[in-house]
Each structure stands twice: as C-alpha cells, then as structure tokens.
Participant: 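Let me begin by handing over the structure; questions about it come next.
All residue numbers in this chain count up from 1 along the given sequence. The figures that follow rest on heavy atoms only: side chains count, while hydrogens, waters and symmetry mates do not.
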Amino acid sequence: MDAPQVKAALRRLSIEVPSWAYGNSGTRFKVFGQAGVPRDPFEKLADAAEVHRYTGAAATVSLHIPWDKVDSYAELAAHAENLGVAIGVINSNTFQDDDYMLGSVCHPQAAVRRKAVDHLLECVDIMDATGSSDLKLWFADGLNYPGQDDLRARQDRLAEALDEVYARLGADQRMILEYKFFEPAFYATDVPDWGTAYAHTLRLGDKAKVVVDTGHHAPGTNIEFIVAFLLREGKLGAFDFNSRFYADDDLIAGAADPFQLFRIMHEVARGGGLDAGVNFMLDQCHNIEPKIPGQIRSVMNVQEATAKALLVDTDALGKAQADGDVLGANAVLMDAYNTDVRPLLAELREEQGLAPDPMRAFNASGYAEKIAAERVGGAQAGWGA
C-alpha cells in the first residue's frame, strides 16, 4: 500500500477500550488508588470518550457486568452516544462470587451452574438494551489438583451452558469465547487454549467466535500463527491487546514486544482481518501509570504497528517466498517494521481535525486536573466495582 491507502485503512481501524481500564487496579499485593478515578459507569464512559477525542480511533467501550451494572442500560447507552462513543462488547463475570470457588458453568453442582448461565443470559439482555452485538465469555473454571473433578464431565457441562446461551442470541449477535492457559486454576483450566475454544465455537455455529488475548499464552507461543489460522477458518471474533513480560501482565499494548504486535497485525492485514468484523480491544488495567494516557498510548501503539504492517511490500514478499529467498523475505518484513510511521499518523490525525500528538494534546487539555478536583467523595471504581 502507498501512504493514501494506508491512511484509508487506518481510518477504518477501530480500537475498543475497556471500562475497567479507568478504575483502580493492582496486583494481589496492592491496589493503588489515583485521583480522579471514576466512581460509576457514567464517569468511566466520560474518560473513555477522551481517548476517542484525541485518537479518533476508539469509538466503542466494553462493559463488564456486574462491575458496570446500572438501573437503566438504555440511559447508559444514551449517555455514551451524547459523549460521541457507543457501548461495545458486554463482558460477563463468573469468577468473583463465592459460589464460583470450584467453577461456574463447569461447577459440579447444578445450582451453581444455573446461577452462572442465568448471569450470561442477563448479559444478553443487556446487549439488547445497549445495542451491543458481542458477548465475551471468559471462564476462570479449572482445577488445582488431579482428581478434584472429572475433566471430561466439565467439558460436557461447558458445552451445555454454551448451547443455552447461544440459543438466546439474536440474529445479529455473537458469542466470543476467550481462553487462558493458566490462572487462577493451576492443574487444569477448562478453556486453556485456542484449540479448545475453536472446537466449542465450531460446534456451536457461525455466531460463535474465538477471542485471542496477547497475554493468555505460554512464553514463546507463536500468537500470529493462531491469528492466521483462526482468520483462515473465519473464527477470529476478537483480539484483546495488552503486553506482558512474564504472564498476563496487562501492560500497554506493544510495551514488552512491539515487534510481536507488528507481526500479529501483519497477519491480521494479510488475512483480511481489518475488514472481517474482528473486534480489537485493549484488555488492560493500569496499575501505576495514569489511566487515560495509558489508553491513549496503547491506541497509538496499535495504530503504529498496523501502519507498519500495511506498508509491507506484499509483491516483493511473495516473490522472495516463492524463490526460497529466506533472508530476502525476512528483509521485506524488517523494512516495513523499521519504517518510522509517526509522521504519516500525524498527517492522518491533522486530516481528521485532530491534534497530531494525542498524548501532548491530552496532557495540555487540563482534563486530568479537572476530574481530580471534581471527583472527590464517594467510592472509586475498581476491581469488583
């Protein structure tokens, strides 16, 4: 692609932000509070709107239920629209109630499974009320010890729950199933890898897709291969961006391995993922960095990686591959990766009526100081709220 084509593709790139990124978060050791943190979902949406205001690429916001529970979801959706954004994916939560200690939809007791499935059906009701098209499912279900439960029976219970929720979906709604190879379970996880998620969604039908999360893999996993395979099969429904050094660290996208982010976006572009209805979201919590700038920087990093991926000379790459020119093919990718695309993105933003440097523009806006002064009193949002 030439520069105008790259800009046109980037204008279509939408990166969803998560409501929980604006609340307080931390590790199992400490949650660090910050001034100006939202106290309810309405204030979370206001902060998310600032990210879109300065990047022009973050027009939707994921909700997490019950963290973002409100009396009127229609009112919340209208509030989002007034701010210039919209409600995106509805994320379920079947991992924080005491009843879920031994699992949720895979729990050995039918009553607990019923409670979990009822929550998932409630999330579909919320989709109806907000206009959301995607329900994201991540299950913390698993085992800590061999023999604790029947591995095969748990897969049967999972399939039964997914069947019921899938049947509830509307014609234009999807179920997207996430996987994670460990944590919080240590011996066995019920949806540990892309193969398990793929098998369940393949059985369900076209309205079921797989979510790939950058931080949910063993070290050394070739994530771009998974992306390429799922795109080829029409089963990549969503991609959750974050970055990690060790486990699911939830750092800003591209922080640990920007080259990996480029490789992933190359496969996304190569496989038509930019125009295939894939939901791109920042699944991150900001523990020590300020919340809104953390999201702005992440959006910028994804934009830069995507721009570089779009600059790959596909003709030269195909010729080198066909000729068996190993180093030549690699050089084509490296030429694109080493291109400084920041001037191109600055031009694009100016053409869109945006500031060329979103971080600088936000820092100069006074918004952070404004919310710190205004949001005094009440309970700040955070994990579990």
Participant: Could you verify whether a donor N or O on one side chain and an acceptor N or O on the other, from Tyr166 and His200, lie under 3.5 Å apart?
Facilitator: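 There is no such pair between these side chains.
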
Participant: Does Tyr198 have Lys209 sitting over its ring (NZ/CZ under 6.0 Å from centre, angle to axis within 45°)?
Facilitator: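 Not satisfied by the 6.0 Å and 45° rule.
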
Participant: More than 12 non-hydrogen atoms from neighbouring residues, nucleotides or ligands closer than 6.0 Å to CZ on Arg360, yes or no?
Facilitator: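 Not buried by this count: 12 neighbours or fewer within 6.0 Å.
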
Participant: Phe259 vs Phe262 aromatic rings, parallel, tilted or perpendicular, using cut-offs 30° and 60°?
Facilitator: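 The rings of Phe259 and Phe262 lie parallel, inter-plane angle below 30°.
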
Participant: Say whether Gln148 and Tyr187, considering side chains only, have a donor N or O and an acceptor N or O under 3.5 Å apart.
Facilitator: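 There is no such pair (donor and acceptor under 3.5 Å, judged by atom type) between the side chains of Gln148 and Tyr187.
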
Participant: Does the gap between the ring centers of Phe32 and His286 come in under 6.0 Å?
Facilitator: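 They do not qualify: ring centres at least 6.0 Å apart.
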
Participant: Above 12 or not: heavy atoms from other molecules or residues under 6.0 Å from CG of Asp206?
Facilitator: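 Open.
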
Participant: Once you measure the plane-to-plane angle for His64 and Trp67, does it fall in the parallel (<30°), tilted (30-60°) or perpendicular (>60°) bin?
Facilitator: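 Parallel.
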
Participant: Could you check whether Asp172 and Ser133, counting side-chain N and O atoms only, form a donor-acceptor pair closer than 3.5 Å?
Facilitator: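 Their side chains do not contain a donor-acceptor pair, so the 3.5 Å distance test is not met.
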
Participant: Using a 6.0 Å distance limit plus a 45 degree cone around the ring axis, check whether Lys308 lies over the aromatic ring of Tyr337.
Facilitator: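 Pair Lys308/Tyr337 counts as cation-pi.
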
Participant: Cation-pi check for Tyr246 against Arg244: NZ or CZ below 6.0 Å from the six-membered ring centre and within 45 degrees of the axis, yes or no?
Facilitator: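 No - Arg244 does not lie over the ring of Tyr246 by the 6.0 Å and 45° rule.
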
Participant: Run through Glu16, Lys136, Arg174 and flag the one making a side chain to side chain donor-acceptor pair (under 3.5 Å) with Asn279.
Facilitator: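 Option passing the side chain to side chain donor-acceptor pair (under 3.5 Å) with Asn279: Glu16.
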
Participant: Begin with the C-alpha distance, continue with both residues' side-chain angles, and end with the deciding distance and a verdict on side-chain contact (heavy atoms from CB on, under 4.5 Å) for Lys235 and Leu202.
Facilitator: CA-CA 8 Å; Lys235 279 294 181 181; Leu202 185 65; 4.3 Å; yes

Participant: Could you grab the distance from atom CG of Leu261 to atom CD of Glu224, nearest 0.5 Å is fine?
Facilitator: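 Answer for the CG-CD pair, Leu261 versus Glu224, is 10.5 Å.
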
Participant: Would the number of heavy atoms belonging to other residues, nucleotides or ligands and lying under 6.0 Å from CG of Asp2 be above 12?
Facilitator: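 Yes, CG of Asp2 has more than 12 neighbouring heavy atoms, counting only those of other groups under 6.0 Å.
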
Participant: Measure across Gln303 and Leu10 and return the closest heavy-atom pair with its distance rounded to 0.1 Å.
Facilitator: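 Minimum heavy-atom contact is O-CD2, 3.9 Å.
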
Participant: Ignoring hydrogens and angles, state whether a donor on the side chain of Gln96 or Asn93 is under 3.5 Å from an acceptor on the partner side chain.
Facilitator: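 Yes, because at least one side-chain N or O of Gln96 sits under 3.5 Å from a partner of the opposite role on Asn93.
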
Participant: Is it true that Asp193 and Thr196 share a donor-acceptor pair across their side chains at a distance under 3.5 Å?
Facilitator: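 On atom types as modelled, these side chains qualify, holding a pair under 3.5 Å.
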
